[in-house]
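Side-chain atoms are counted along with the backbone in the values below, which use heavy atoms only and exclude waters and symmetry mates. On a predicted model such as this, the values are computed, not experimentally measured, just so you know. We name chains A, B, ... by the order of the sequence lines, and we start the count at 1 in each one.
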Amino acid sequence: MERYNFKSVENKWQKFWDEEKTFSVKINKNKKKFYCLEMFPYPSGKIHMGHVRNYTIGDVLARYKALQGFNVLHPMGWDSFGMPAENAAKQNKLDPRKWTETNIANMKSQLKKLGLSIDWDREISTCSEDYYKHQQKFFLELLDKKLVYKKENYVNWDPIDETVLANEQVIDGKGWRSGVNVERKKLSQWFFNISKFSQDLLDGLDTLDTWPNKVKVMQKNWIGKSFGCEVDFEIEGNQEINNIKCFTTRPDTLFGFSFLALSVDHEISKIYANDPNFINFKNECSKTGTTEEALAIGEKIGFKTNLTAVNPLNPKHKVPVYFANFVLMDYGFGAVFGCPAHDQRDFDFAKKYGLEIITVVKPQDENNNFKVTKEAYSGPGIIINSDYLNGLKAPEDSVLETIRILEDKKIGKKKINFRLKDWGISRQRYWGCPIPVAYDESGNVHKVPSSMLPVKLPQNIDLNVKGNPLDSQTDWKKINIEGKNLTRETDTLDTFVCSSWYFLRFCSPQDTNYGFNKEDVDYWMPVDQYIGGVEHAILHLLYSRFFMQALSHKNDNFNLLEPFGGLFTQGMVCHETYKDSDNNWISPDEIETIDGKKYLKKDNSKIIRVGPSESMSKSKKNTIDPENIISSYGADAARLFILSDSPPEKDVQWSEEGIISSFKFIQKLWNLNLKIIEEIEKDHEKDHNSEITKFTNKFIERMTKNLDSFGYNKLIANMHEMYSFLIKQVEYKYKKTTLKENYEKILTAINPIVPHLSNECLEMISC
RNA sequence: GGGCGAAUGGCGGAACUGGUAGACGCGCACGACUCAAAAUCGUGUUUCGCAAGAAGUGAGAGUUCGAUUCUCUCUUCGCCCACCA
């Protein structure tokens with residue numbers, strides 16, 4: 001048996017695809033298009049197994065669609081702005097651009113070795129001027145549409161790194177890099193007005209039929225629509241304050257009102273700004289843990305003011321006003337009406353401060369003497385103890401009826417509230433897209449005219465300064481716009497902005513006038529299948545959807561609200577973890593197996609403990625380098641294994657045995673190929689046409705079904721069945737044409753999965 | 001605290017709209033080849049039982065001629081969100 005030389009075969013075809021530009025595509029209006037996109041990588045230096053899985057899944061789909069006759073767009077690019085480059089550059093005194101470009105070159109060659117059907121002519125990199133120039137134009141466009149604004153707001157501030165951190169960069173209340181507690185700081189920041197589209201973003205979800213339900217639910221919860229009303233409470237006790245507005249979803253429980261709680265950041269707090277007791281209380285609030293869970297289950301504390309609030313439905317009833325640590329300033333009006341009997345949090349607060357607990361809803365089967373004592377009752381029921389509201393069915397009828405009454409009395413009105421907050425896009429960082437505005441002496445914002453774009457980052461600057469390196473670039477900061485001497489904005493854009501429109505750029509990667517070209521986008525968009533990790537379910541996917549809303553807003557030339565027609569979220573790649581007797585993590589490379597037990601390679605007397613399989617991470621040392629895998633076993637074997645063990649949406653366990661078995665299977669397919677070629681040449685007289693033809697048809701039917709439904713693990717099972725069938729069939733005698741035709745069909749069907757092997761075999765039988 | 005989802009051999013997983021549970025792979029066992037090992041090939045592998053046979057898809061109920069699949073209750077695990085008024 002001849003050994004299959006995967007290295008030369010894989011090289012040969014990769015070179016062929018490169019030279020022939022096999023995967024370069026152009027608009028062809030006679031053909032149906034298919035836009036297959038995987039989330040582009042951050043160029044960290046090397047590809048990891050997660051990339052291998054993501055891009056293999058995408059490649060199988062792209063190749064399959066191409067075989068079906070679609071005009072397939074399958075591009076790749078680099079999400080190349082961001083903190084790792086800046087940090088690496090800082091530590092090693094390098095240029096972030098150089099660091100990034102070296103990484104891109106390396107990762108690109110690694111991706112090519114996987115045999116991906118990428119149109120490399122469309123490669124883009126978000127840190128290139130060609131790319132961010134257009135992003136700056138979009139920024140100014142949105143500024144004109146009033147979808148971008150600047151305002152003072154609380155942000156996560158890392159006191160060591162002196163920068164704002166995104167929410168996702170704050171882990172357990174600490175900066176992910178510095179490890180110190182993040183502070184809340186009020187800063188003037190740029191925002192995208194994403195909340196303007198709350199309802200549209202919610203409605204759009206219903207049109208995304210093939211998105212995983214899980215992701216749609218997550219986005220829905222994130223947008224967080226709630227129906228209720230705003231209520232004006234009359235305030236007594238201070239000349240300057242007449243009323244306070246609250247948002248509530250349960251106005252029908254107003255007769256159960258027993259306190260009003262304000263956020264410590266509420267306007268009214270100004271009155272107490274010099275009160276030492278209040279300052280004390282404020283400090284106390286900031287002490288109670290910073291993690292979200294700690295906040296949620298933490299103790300509720302309050303500060304009693306000398307104010308009283310009047311119950312609008314029962315003006316004789318007056319209740320105290322508190323500041324409380326559980327009231328958020330940026331939801332509703334930063335003020336809550338407290339109804340202890342029917343809200344657990346209000347109940348806890350009332351118990352602690354000895355406030356009234358008035359029961360106003362009873363469960364259906366209780367009598368009118370029902371009383372809340374041990375815990376709040378938040379279920380449905382009938383309104384009681386509420387004068388003219390008594391007897392209404394809660395919450396359905398009672399809420400609507402109460403709103404009607406409040407509106408009549410002009411002390412409240414129906415309101416829909418969203419949880420979604422505007423997107424803070426300012427970052428005090430060097431390695432990002434500069435925000436194309438400047439300020440005059442009075443701080444007024446001036447747009448950088450489009451003739452002066454892009455606003456380029458200064459080169460070769462000192463990054464080892466406190467805070468944003470751009471702040472100390474005094475020369476760069478000076479700009480003259482239409483004769484006026486101005487100072488540039490030094491904040492750069494959040495890198496999520498870059499990834500919010502890159503899929504448009506792939507349609508027209510070379511267009512110099514604008515971020516994309518209408519004809520290209522009209523043909524290619526939307527992305528038919530988007531594939532990536534579920535960790536982006538909210539942020540990136542929501543931001544991209546918003547960006548399309550924003551570009552389409554007041555625009556006759558562009559109307560595309562949903563960028564991703566189909567979405568598939570793949571699972572993670574996991575591996576067993578290993579520890580030695582001293583509890584140190586041990587890498588799989590340092591281990592050998594003897595009689596089913598694991599020992600340290602360099603010292604066989606040391607037994608290794610095998611831990612649970614967990615997602616690959618550097619800290620647990622359970623990573624496998626794809627480059628080593630490809631050079632030892634080949635790309636086809638790697639592709640085969642990453643698809644074989646688990647359905648793509650679930651986590652997959654990487655194992656040595658698994659990759660070896662895939663490698664052997666490739667060899668078996670090769671041996672099968674040689675046998676079949678031998679048989680074809682014999683061109684037997686007798687023929688068993690029907691049996692092999694029947695099998696081939698069934699095989700193709702199964703493969704098609706599994707390709708269409710992302711049952712990619714089952715494709716591999718089908719291939720094993722095919723092997724077992726054919727290896728027995730070569731014993732039978734077939735006519736040349738029968739065997740050849742059927743075998744060709746089978747090779748074509750497995751081409752998306754093992755493209756190198758399949759192409760090589762197809763070439764061999766055709767000559 | 002809220003939401004979403006999952007549970008099938010030693011392991012990863014199959015089973016199309018309710019119709020032979022365990023496809024395919026890993027692992028394991030035995031056999032062939034070999035002086036031997038590796039590789040390769042073959043056979044077997046849910047559990048109990050020598051067998052005939054019986055039980056069996058987290059637990060319990062229900063619908064049905066028939067349930068891994070549908071309904072309800074519970075248990076465990078995973079993921080996401082979290083003081084949202």
Side-chain angles (χ1 to χ4, degrees), chain A residues 1 3 167 212-226 228-231 245-251 253 259-263 285 288-289 291-301 324-339 342-346 348-349 375-376 378 415 417-421 534-535 537-538 569 571-572 574 576 593 596 613 615 640-641 643-647 649-662 664-665 667-668 671 701-702 705-706 708-709 711 713-724 727:
Chain A
M1 280 294 150
R3 197 114 191 110
N167 288 331
N213 199 42
K214 179 175 59 171
V215 175
K216 289 197 275 190
V217 169
M218 277 192 224
Q219 291 211 0
K220 202 174 158 193
N221 292 341
W222 188 263
I223 294 167
K225 180 178 181 173
S226 44
C229 73
E230 54 176 78
V231 184
K245 256 187 195 164
C246 292
F247 171 76
T248 176
T249 55
R250 292 301 301 274
T253 62
F259 67 94
L260 199 147
L262 303 172
S263 159
C285 288
T288 49
T291 72
E292 267 131 6
E293 196 191 347
L295 281 170
I297 57 179
E299 204 188 345
K300 316 292 176 239
I301 52 173
N325 63 340
F326 59 82
V327 185
L328 300 170
M329 193 54 224
D330 43 13
Y331 185 80
F333 299 98
V336 179
F337 112 76
C339 176
H342 306 289
D343 181 290
Q344 191 55 42
R345 192 197 47 210
D346 293 351
D348 296 341
F349 191 80
E375 57 178 11
S378 53
K415 189 174 159 91
N417 215 9
F418 292 95
R419 210 189 74 111
L420 184 65
K421 291 164 201 153
V534 74
E535 64 274 16
I538 295 171
T569 53
M572 291 183 296
C574 301
E576 278 181 337
T593 310
S613 185
S615 73
L640 201 63
F641 179 54
L643 296 173
S644 67
D645 258 18
S646 299
E649 69 275 15
K650 287 179 72 176
D651 289 354
V652 66
Q653 319 278 330
W654 186 273
S655 71
E656 177 92 14
E657 293 84 2
I659 181 66
I660 289 175
S661 128
S662 295
K664 287 178 183 168
F665 186 50
Q667 180 64 44
K668 282 179 173 183
N671 293 340
E701 188 197 315
R702 281 192 209 136
K705 197 183 102 197
N706 289 327
D708 286 334
S709 61
N713 54 325
K714 287 176 258 174
L715 293 174
I716 313 303
N718 296 151
M719 284 171 66
H720 281 283
E721 283 163 345
M722 175 272 288
Y723 172 82
S724 309
I727 199 76

A:H720 side-chain proximity, nearest of B:rA23, B:rG25, B:rA85:
B:rG25

Report yes if the side chains of A:L262 and A:V327 come closer than 4.5 Å at any heavy-atom pair, otherwise no.
no

5'-most contact on RNA chain B (nearest-nucleotide basis), A:F333 vs A:V217, goes to A:V217

Got a sec, which residues hit side-chain contact (heavy atoms from CB on, under 4.5 Å) with A:D651, two or more places apart in sequence or on another chain?
A:M572, A:C574

Taking the side chain of A:A717 as heavy atoms from C-beta outward, which of B:rA85, B:rC83, B:rA23 is closest to it?
B:rA23

When you check the phosphate oxygens OP1 and OP2 of B:rA23, does a side-chain N or O of A:R702 lie under 4.0 Å from one of them?
no

Among B:rC81, B:rC80, B:rA23, find the nucleotide with the atom closest to the side chain of A:M218.
B:rC80

List for me each residue that meets side-chain hydrogen bond (donor to acceptor under 3.5 Å, both in side chains) alongside A:N213, sequence neighbours excluded, and say none if there are none.
none

Report yes if at least one side-chain N or O of A:S226 is closer than 4.0 Å to OP1 or OP2 of B:rC84; otherwise report no.
no

Non-hydrogen side-chain atoms of A:N713 and A:S646 separated by less than 4.5 Å:
no

Can a donor-acceptor pair under 3.5 Å be found between the side-chain atoms of A:K300 and the base atoms of B:rC83?
yes

Rounded to whole angstroms, how far apart are CG on A:N213 and P on B:rC81?
17 Å

Determine the interatomic distance between C1' on B:rG9 and the same-named atom on B:rG18; round to the nearest Å.
24 Å

Sorted by chain and residue number, the side-chain hydrogen bond (donor to acceptor under 3.5 Å, both in side chains) partners of A:N417 (sequence neighbours excluded) come out as none

Could you tell me which residues satisfy salt bridge (Lys or Arg N to Asp or Glu O under 4.0 Å) with A:K245, sequence neighbours excluded, listed by chain and number?
A:E230

Is a side-chain N or O of A:Q667 found less than 3.5 angstrom from the main chain of A:R3, in a donor-acceptor match?
no

Candidates B:rC81, B:rC41, B:rA85 - which lies nearest the side chain of A:F247:
B:rA85

Applying side-chain hydrogen bond (donor to acceptor under 3.5 Å, both in side chains) to A:K220 and not counting sequence neighbours gives none

Excluding sequence neighbours, so at least two apart, what forms side-chain hydrogen bond (donor to acceptor under 3.5 Å, both in side chains) with A:Q653?
A:S613

Pick base, sugar-phosphate or nothing for A:V327, based on heavy-atom distances below 4.0 Å to the nucleic acid.
base

Taking the side chain as every heavy atom from C-beta outward, state whether A:F641 and A:S661 have any atom pair closer than 4.5 Å.
no

Would you kindly give the CD-to-P distance between A:E576 and B:rC26, to the nearest whole Å?
17 Å

B:rG3, B:rC83, B:rA85: which one has an atom nearest the side-chain heavy atoms of A:Y331?
B:rA85

Expressed in whole Å, how much space separates the P atoms belonging to B:rU75 and B:rA21?
31 Å

How would nucleotides 12-19 of chain B be written as a contact map, 5' to 3', with B for base contact, S for sugar-phosphate-only contact and - for no contact, using protein heavy atoms under 4.0 Å?
SSSS----

Atom CG of A:N325 and atom C1' of B:rC84: how far apart are they, to the nearest Å?
15 Å

Suppose we screen for side-chain contact (heavy atoms from CB on, under 4.5 Å). Which residues come up paired with A:E535, at least two apart in sequence or across chains?
none

So if I take every side-chain heavy atom of A:T249 and compare against B:rC81, B:rA85, B:rC83, which nucleotide ends up nearest?
B:rA85

If you measure from the P atom in B:rC74 to the same atom in B:rA85, how many Å do you get, rounded?
25 Å

Stems field, RNA chain B, Watson-Crick or wobble, 3.5 Å, at least 3 pairs, by first number, holds B:1-7 with B:75-81, B:10-12 with B:24-26, B:27-32 with B:40-45, B:46-48 with B:53-55, B:58-62 with B:70-74

Report the distance from atom CZ of A:F337 to atom P of B:rA85, rounded to the nearest whole Å.
12 Å

Under 4.0 Å, heavy atoms only, any strand: does A:K216 hit a base, just the sugar-phosphate, or nothing?
nothing

Say we look at B:rC26 and B:rC33: how far apart would their P atoms be, to the nearest angstrom?
24 Å

Please list, chain by chain and in numerical order, all residues satisfying side-chain contact (heavy atoms from CB on, under 4.5 Å) with A:K668, sequence neighbours excluded.
A:F665, A:Y723

How about A:L715 and A:L643: do any of their side-chain heavy atoms sit closer than 4.5 Å?
no

Between A:K225 (NZ) and B:rA85 (P), how many Å, whole number?
14 Å

Rounded interatomic separation in angstrom, taking CE from A:M572 and P from B:rC79
8 Å

Whole-Å P distance, B:rU71 and B:rA7:
14 Å

In whole angstroms, the gap separating P of B:rC84 from CG of A:D346 amounts to 9 Å

Check ring-ring contact (aromatic ring centres under 6.0 Å, His included) between A:F326 and all other residues, then give those that pass, not counting sequence neighbours.
A:F349

Of the candidates B:rC24, B:rC84, B:rC4, the side chain of A:K214 sits closest to B:rC4

What is the separation between atom CZ on A:F349 and atom C1' on B:rC83, rounded to the nearest whole Å?
12 Å

Per-nucleotide protein contact string for nucleotides 27-34 of chain B (B base, S sugar-phosphate only, - none; heavy atom under 4.0 Å)
S-------

